[in-house]
Every structure is written in C-alpha cells, then in structure tokens.
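Worksheet: one structure, shown below.
First listed ligand is number 1; within each ligand, the first listed atom is number 1.
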Amino acid sequence: MMICKSPLELEKMRRAGLLVWELLQELRARVEPGLSTYDLETIAAERIARQGARPAFKGLYNYPCVLCTSINNEIVHGIPSAKRILKEGDILKIDVGVQLEGYYSDSAITVPVGAIRPELQQLLRVTEEALQRAIDRARVGSRVGDVSAAVQRHAESHGYSVVRDFVGHGIGTQLHEDPKVPNYGTPGHGPSLKEGIVLAIEPMVNTGKPGTRVLEDKWTAVTEDGGYSAHFEHCVVVTSNGPWILTQP
Ligand code: MG
Ligand code: MG
C-alpha cells in the first residue's frame with residue numbers, strides 16, 4: 001500500500017533529507033586516493049550520531065555498517081573496510097540512509113577518485129541525468145512506469161544497461177515502502193502517483209550487461225560481466241507543484 005505523507009510528515013522527511021545531503025557533501029569532499037572506505041564509514045557514523053539521527057542501514061537484515069561503499073564494478077551494498085583503499089581513477093558509490101524523528105531518508109552519489117577516464121565521466125553524467133529525468137516524471141497522475149521508463153530510455157540511449165535486480169522504493173516511516181520503483185518499465189503502466197507520495201528513485205547504470213552477482217560476503221553486488229556501474233539516488237515528493245527533492249537544498 002502506498003502511503004501519502006502529510007505536510008508535517010514531509011517537514012520531518014525534509015530535515016532527514018538535508019542531513020543526508022550534508023553528509024554526502026562532506027564525504028564527497030573527503031574522497032581521495034589512499035583513503036579507505038572505512039575512513040568514510042567512521043566520518044559518517046560520527047556525524048549521524050552527533051546530529052541525533054540513527055543510521056538506517058546498520059542492523060537492517062544484519063548489514064554491518066552505516067554506509068554502503070561500492071567501487072568500480074561493485075553496484076551496491078559494498079561493505080566499508082579498512083582494507084579497501086581508494087585509488088586514482090576509481091569510481092566510488094556512497095549510499096547512506098538515516099532515520100530522524102521517526103522518518104527515513106536515503107540517498108546515493110557516485111564520486112570520482114582523483115582523475116577518472118572520460119568514459120567513466122560520461123557514465124556518471126548519464127546516470128545522474130537519468131535520475132534527473134526520472135525525478136521530472138514524479139508528478140501527480142504519472143505512473144511508476146513513467147518514472148522507470150525515463151531512467152531506462154536515457155541510459156540505454158547511451159549504450160548502457162540498467163540493473164534489474166535492485167530497485168528504488170517508497171520511503172517514510174519505513175526505509176522501504178511501496179511502491180517498488182524499477183529502473184526499467186513501460187510508460188503509462190504501474191501504480192499512479194498521488195500527492196504526498198515519497199519515492200527513493202535510484203538508477204543503477206552499467207557499462208556492460210545488466211546481470212548481477214553477489215560476492216561471498218553475501219552483500220556486495222557486482223556486475224556479472226565485470227563492467228563498471230554508477231548509482232545516484234534522491235528522495236522525491238510528488239506535490240501539486242511538481243517534484244520536490246528532499247535530499248538536496
Ligand atoms: Mg540508498
Ligand atoms: Mg534506496
């Protein structure tokens with residue numbers, strides 16, 4: 001069941017959203033060759049605690065950390081580790097969720113580590129554009145399929161593929177609520193969007209094929225063919241004035 005949020009609930013979700021945005025800005029600024037992904041985990045854990053929030057991922061299905069940090073061919077759910085050292089030319093996906101005053105927020109960015117190859121710059125740009133196009137479809141009367149198709153169309157028009165095994169989602173008092181928001185779909189299909197619905201829209205775009213595989217750690221999802229993957233995510237409210245991104249100012 002999709003839950004429409006009241007203006008008061010949206011105020012709380014906005015506060016959680018801005019907290020996540022500020023945190024991701026700080027992490028992005030810290031990223032450099034030689035840093036470990038666990039260094040980022042430490043920064044995030046301290047900052048979330050200092051702000052009186054709770055990390056959303058840690059403990060969920062026994063996930064061990066505050067952040068998901070996924071490098072290069074890793075798509076999502078990479079576990080921060082002191083042994084994973086960032087190298088020049090890597091692309092790093094940082095995904096974080098928090099709970100504040102009972103409401104969740106969830107956002108992800110892909111960050112270049114130092115200078116990256118032009119092909120990877122394009123992958124990041126196209127994935128972020130796909131997110132922006134999908135957000136623009138998050139309007140009263142749209143269907144989830146309109147949002148999904150916007151991601152797929154933009155990614156595939158550049159020769160990339162979209163991941164099918166992981167999807168975006170509704171969000172509110174639960175991290176994962178209805179509806180599911182796939183990164184592929186058919187315009188005019190799926191649940192219709194009403195005022196007050198909040199979606200976490202999160203394109204995962206691969207340079208190669210869409211197939212995924214989970215590593216022996218039982219968390220890290222990687223591309224089956226070893227290609228690169230990028231991921232961006234925002235929480236967006238469907239309002240009568242159009243889409244409102246909660247996870248950026
Ligand atoms: Mg996320
Ligand atoms: Mg999410």
Side-chain angles (χ1 to χ4, degrees), residues 2-3 5 13-14 16-28 37 40-41 44-45 47-48 53-71 74-80 91-100 103-111 124 127-128 130-132 134-135 138 144 147-148 150-151 162-185 193 197-206 212 214 219-222 229-238 243 245-248:
M2 294 201 288
I3 302 163
K5 275 72 180 180
M13 293 194 74
R14 175 61 163 170
L18 290 179
L19 194 159
V20 162
W21 179 80
E22 284 166 9
L23 174 58
L24 285 174
Q25 295 313 300
E26 176 171 359
L27 295 173
R28 183 204 298 273
T37 52
L40 296 170
E41 167 76 11
R47 189 178 181 111
I48 291 169
R54 203 184 66 77
F57 302 165
K58 193 168 183 171
L60 187 68
Y61 315 115
N62 290 318
Y63 184 74
C65 286
V66 166
L67 297 180
C68 294
T69 50
S70 312
I71 300 172
E74 299 167 353
I75 303 165
V76 286
H77 305 160
I79 302 172
I91 57 170
L92 170 68
K93 283 127 277 182
I94 308 174
D95 192 353
V96 65
V98 303
Q99 187 191 34
L100 183 69
Y103 287 84
Y104 283 94
S105 193
D106 185 8
S107 185
I109 54 176
T110 304
V111 183
L124 269 53
T127 307
E128 205 167 6
L131 173 57
Q132 207 50 56
I135 288 170
V144 170
V147 174
S148 301
V151 172
V162 290
V163 170
R164 286 151 190 268
D165 300 336
F166 303 96
V167 298
H169 47 94
I171 184 167
T173 57
Q174 305 292 321
L175 179 64
H176 297 132
E177 296 185 353
D178 286 341
K180 286 186 167 51
V181 185
N183 292 310
Y184 61 95
L193 299 177
I197 294 285
V198 186
L199 303 177
I201 304 174
E202 47 181 315
M204 294 157 226
V205 174
N206 294 353
T212 72
V214 175
W219 280 106
T220 313
V222 301
S229 189
H231 180 210
F232 287 88
E233 176 179 24
H234 273 309
C235 292
V236 181
V237 190
V238 176
I245 303 175
L246 294 175
T247 42
Q248 76 179 26

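What you find for Tyr103 and Thr173 is that their closest heavy atoms are CE2-CG2, 3.5 Å. Scanning all heavy atoms of the two residues, the minimum distance from Met204 to Asn183 falls at N-ND2, 3.5 Å. Between Tyr104 and Gln174, the shortest heavy-atom distance links the atoms CD1-C, 3.4 Å. Considering all non-hydrogen atoms of both residues, Ala45 and Val66 come closest at CB-CG2, 4.0 Å.
Minimum-distance N/O/S atom of His169 relative to the Mg ion (ligand 2): NE2. Nearest to the Mg ion (ligand 2), among the N, O or S atoms that Glu202 has, is OE2. For Asp106, the N/O/S atom at the shortest distance from the Mg ion (ligand 1) is named OD1. When the Mg ion (ligand 1) is compared with the N/O/S atoms of Glu233, atom OE1 turns out nearest.
Inclusion of Asp95 in the first shell of the Mg ion (ligand 1) is supported: an N, O or S atom falls under 2.8 Å.
The ring pair (Phe, Tyr, Trp, His ring centres under 6.0 Å) test with His77 is passed by exactly one of Phe166, Tyr61, Tyr63: Phe166.
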